[in-house]
Each structure stands twice: as structure tokens, then as C-alpha cells.
Amino acid sequence: MINKKVNNVQDALQGIENGMTIMLGGFGLCGIPENSIAELVKKETTDLTCISNNAGVDDFGLGLLLQKRQIKKMISSYVGENVEFERQMLSGELEVDLIPQGTLAERCRAAQAGIPAFFTPAGYGTEVAEGKEVREFNGKMHVMEHAFKADFAIVKAWKGDEAGNLIFKGTARNFNPCMAGAAKITIAEVEELLPAGSLDPNEIHIPGILVNRIFQGGKYEKRIEQRTVRKIF
Amino acid sequence: MALDKNQIAKRIAKELKHNYYVNLGIGIPTLVANYIPEGIDVEFQSENGILGMGPFPFEGDEDADLINAGKQTITTLPGASFFDSAFSFGMIRGQHVDLTILGAMEVAENGDIANWKIPGKMVKGMGGAMDLVASAENIIVAMMHVNKAGESKILKKCTLPLTGVGCVKKVVTELAVMEITPQGFKLLERAPGVTVEHIVASTEADLIIEGEIPEMIID
């Protein structure tokens, strides 16, 4: 067994420096690496380029890094529900690159899987395709997109073991498996970290080869963005 | 009478076919799930990574790890499955999802759709809309025929930045059901009590009108 366990979030985030590009898993506030984000706020790392589907809300998720002006550029598919984000974007303090969600996911997966570029129909004929190579396949137009290049990927899983194997829960899976192994170094934070051999190999979603460092998060708030319930008649 | 949002959703629900996998967008499309016709089995896909999405949970049963693409808490139904975002969009681009229902700000007679950006206003992003419209074979748009100022959103050519080109097949509005043909918008049905003349006057694009146009059957 190759041991990927580190003792705490401080050790896990060693080497993250100003100006780096970081991928962060999560969809909205679901499945985000809460402990690592809190530590990045504490570390005061700045000029970050963040690749993440969303940008959190004002006082949670990546919104915490935005509040402290630690992010220089966001690469996302949807960035609503965040007043501070809007202010920084409109004032020009924050650079924003909006890309289709499927393209975002595939650019992560391509980086993970050693595919330098790929063609997708998404965005053809729109401003997203401007300046990009387009090509016809089977009578349909496609746009060439490139794999991401990132320094760190920070993902969050439900359970993990010391070998770095990961299991996700519900829709908290989202971008996390696509980002594991898609950067030079992958950090996984998990709700429960178990000894190697505790997880059934049949049930592992991401094998430890894609994870460099794994630690158990101290606490998870798991805030719900849109609490929606059924009425009982 | 022009339809309200729930009635638009009810009319669109009649387009669901047995054993369809369906992706519902945010807004009116989400309401379609409330009106699945009797005897029809469908499974809902949400692009954040679930098939077999169920209704909202009862109070106290909310799970932070279980949401839809609108970030609302949801439940699962028997047969449900979870997957990652790349896999989810693979399923969409690979045309395994039978029907996509989404909202729009403008639709043009060549099937172009604009639904993500208004120049000069805060841009929130396209989310999965560009992937969905570029990939789906069967797209129905739920939208308002005219905006609050009374201007038509059913156009010869879209004025807003596009989400996708030549992709919309059918449009259901508060006034009409229209199909997009190689010749342009074809009027199929009108809302109960709404005249063909009223629909024509509310539509900037030309409408193909053949014979008597029936009223929609909502219930």
C-alpha cells in the first residue's frame, strides 16, 4: 500500500503559492472542500486562478476567498447568487471566464486522462467558439477545446482510505471525480478517513493513484443553498 | 386567456412519452414534473449527476448531499443513480437523454435560441445550457411569447447573444404551441380563447398557418 495520508489540512496544502491555478470540486455548495477553502483563507494565498463550476455564496464556499480578494480569475459555468462576486466582476478587479458546464467537466477529465484537446458541439455558433478551431464531424459542427493545466486539484469525498481511494455520496460527487488527477498535485479531503482495506474495492469511485494527499476534514457545515421542501397536505 | 406558467408546464407535459429520459431546465420546465400524464413512466436527469430524481423532500428529510441543478434539495426514486459531471454531460452529448425542456429569452425561426446573457446586465453564466442545446435531438422551449413591454420574443433573428444555433424543435408559450420547420415557425395550437389574429400580432417572426388552428387541451 502506498500511503497518501497527511495529518492535517496544513500539511495537505503545502506548496500552494500565490498566483497558482487551483481546481476545486463541488456544484453550488454541494461537495465543496470546506476545510481546504477555510485553510486557504487563513494562509492568505493570493492571485489565485480558480477552476470551479460555481463561485460559492457571499459568506461560504469560494465566496470566502473572494471576500478577501484572494482570487484573480474564476473559470466557471455559472456564478449567480454572489453579490461580492458581481461587484468585483463589474469593477474589473476579477477576471471571469465563463464556459459551458459540460466543456468544463470534459476539460478536467481530459487533463486527468492525458487527452490534450477534444471537439464538442457545445458553444458552436456562439461567442464561446470565437477564436477557436471548428470542424465538421458527421454533418455537425464542433468546437475544439483544450485540457486544463492546473497546479493543484482539491476534491472532497465522503469516505477515503489511506491509499487515497475515494467514495462519494449523492450529488456531492459532481466535479470531484473529474478533477482528481487533473492537476500536478491532487489533495482529497474526506469526511471519514479509514485504514487501507476498510473499503470494498468494488465500491471505490476513484482509485488512489489519482490522489497525492488525503486527510480527514475537521468539520463539515454542508450548508444548503436552496432548501426546498414538499408541502404536507 | 393566455396561459399561466403552470398551464404552460401542463401542456408541455403532454409531450412526454412512455420510457423517456428527460432533462428539465430551471423555471417553468421544473413544473413539468408535477403534471406527468397517467400511465407514462419517465425518468428525470439533472446535469449535476443524477438520474431518477424525485420530488422535493418533506421538511426534516433534506440532505445537503442531494440537490438538483437549481441547487434545490431533492429526493431519489427507485431505480435512481448518481454519476460525475463529465459522465453526466457524456450522457447528454451522446444523446441518451430523449427530451430536453428549457426556458428561453428569445427563439428565432431558424431554431436559434438565446437564454443566457443580456449585454449590460450581470452575466451569471450559461451553466449546462449550451451543452444541452447543442446535443439534444429533441428540444422543447417553455417561454413567454411577449416580454413585459409587450415585445415579441418569437423572432426572425435573435438579438441577444446565442446559446445555440438551429436546435429548437418546438416552442410552448402562454399564447401558442409552435413547431420550427425548415420554412420557419408553424402555428400548431392556440391557448383557449386566444385568437389566431392575436398570436400573429404578438409574433415578430412570420407564422405558417394552415387551416383551422385548434385550441390547446390543458386538462
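Letters A, B, ... mirror the listed sequences (proteins, then strands); counts begin at 1.
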When only pairs under 4.5 Å are counted, which of B/Leu162, B/Ile74, B/Thr73 shares the most heavy-atom pairs with chain A?
B/Thr73

Winner by heavy-atom pair count (cut-off under 4.5 Å) against chain A, out of B/Gly128, B/Pro57, B/Gly60
B/Pro57

So, does A/Thr171 use its side chain to make a donor-acceptor pair with the main chain of B/Asp65 at under 3.5 Å?
yes

Among the listed options B/Ser85, B/Gly125, B/Ala134, the residue most often paired with chain A at heavy-atom distances under 4.5 Å:
B/Ser85

Heavy-atom closest contact (A/Tyr78 atom, B/Lys71 atom, distance)
CD2-NZ, 3.6 Å

Enumerate by number any residue of residues 20-44 of chain B whose heavy atoms lie under 4.5 Å from heavy atoms of chain A; in the absence of such residues, state 'none'.
none

Using every non-hydrogen atom in the two residues, find where B/Ile67 and A/Phe27 come nearest and quote the distance to one decimal.
CD1-O, 3.8 Å

A/Arg173 bridged to B/Asp84 by N-O distance under 4.0 Å:
no

Taking everything shown except B/Lys5 itself, do over 12 heavy atoms lie less than 6.0 Å from its NZ?
no

For A/Cys30 and B/Ala64 the tightest heavy-atom approach is SG-O, 3.4 Å

Residue selection (most heavy-atom pairs with chain B, distance under 4.5 Å) from A/Pro100, A/Gly125, A/Pro121
A/Pro100

Is A/Gln112 in contact with chain B via its backbone, its side chain, both, or neither, using a 4.5 Å heavy-atom distance?
neither

Under 4.5 Å, heavy atom to heavy atom: which of residues 136-155 of chain B reach chain A? Give them by number, or say none.
none

Please find the pair of heavy atoms, one from A/Gly123 and one from B/Met130, that lie closest to each other, and give the distance.
CA-SD, 3.9 Å

Report the distance from atom CD1 of A/Ile224 to atom CD of B/Gln72, rounding to the nearest 0.5 Å.
12.0 Å

Whether over 12 other heavy atoms sit under 6.0 Å from B/Lys156 NZ
yes

Part of residues 163-173 of chain B lying next to chain A, heavy-atom separation under 4.5 Å:
B/Thr163, B/Gly164, B/Val165

Highest number of heavy-atom pairs under 4.5 Å with chain B among A/Cys108, A/Ser77, A/Gly80 belongs to A/Ser77

A/Val96, part contacting chain B, at a heavy-atom distance under 4.5 Å
neither

Should we count CD1 of A/Ile209 as having more than 12 external heavy atoms under 6.0 Å?
no

What option among A/Lys140, A/Arg107, A/Glu81 has the most heavy-atom pairs under 4.5 Å with chain B?
A/Lys140

If you take all heavy atoms of A/Glu127 and B/Pro161, which pair is closest and at what distance?
OE1-CB, 3.7 Å

Answer with side chain, backbone, both or neither: which region of A/Asn53 has an atom nearer than 4.5 Å to a non-hydrogen atom of chain B?
neither

Counting heavy-atom pairs under 4.5 angstrom with chain B, the leader among A/Ala105, A/Ala55, A/Ala129, A/Gly170 is A/Gly170

Name the member of A/Lys169, A/Arg223, A/Glu106 that forms the most heavy-atom pairs with chain B at distances under 4.5 Å.
A/Lys169

To the nearest 0.5 Å, atom NE2 of A/His205 lies from atom CZ of B/Phe82 at 10.0 Å

Can you tell which part of A/Tyr220 gets under 4.5 Å to a heavy atom of chain B, answering side chain, backbone, both or neither?
neither

Is NZ or CZ of A/Arg230 both nearer than 6.0 Å to the six-membered ring centre of B/Phe58 and within 45° of the ring axis?
yes

Chain A shares the most heavy-atom pairs under 4.5 Å, among B/Ala129, B/Ala69, B/Gly49, with B/Ala69

Applying a strict 4.5 Å limit to non-hydrogen atoms, the region of A/Arg109 in contact with chain B is side chain

What part of B/Asp61 gets closer than 4.5 Å to chain A, counting heavy atoms only: side chain, backbone, both or neither?
neither

Output the residues of residues 87-124 of chain B for which the shortest heavy-atom distance to chain A is under 4.5 Å, in residue-number order; output 'none' if no such residue exists.
B/Phe89, B/Arg93, B/Gln95, B/Trp116, B/Lys117, B/Met122, B/Val123, B/Lys124

Interchain contact, A/Leu29 with chain B, by part (heavy-atom threshold 4.5 Å)
neither

Quick check on A/Met141 against chain B: is it the side chain, the backbone, both or neither that has a heavy atom closer than 4.5 Å?
neither

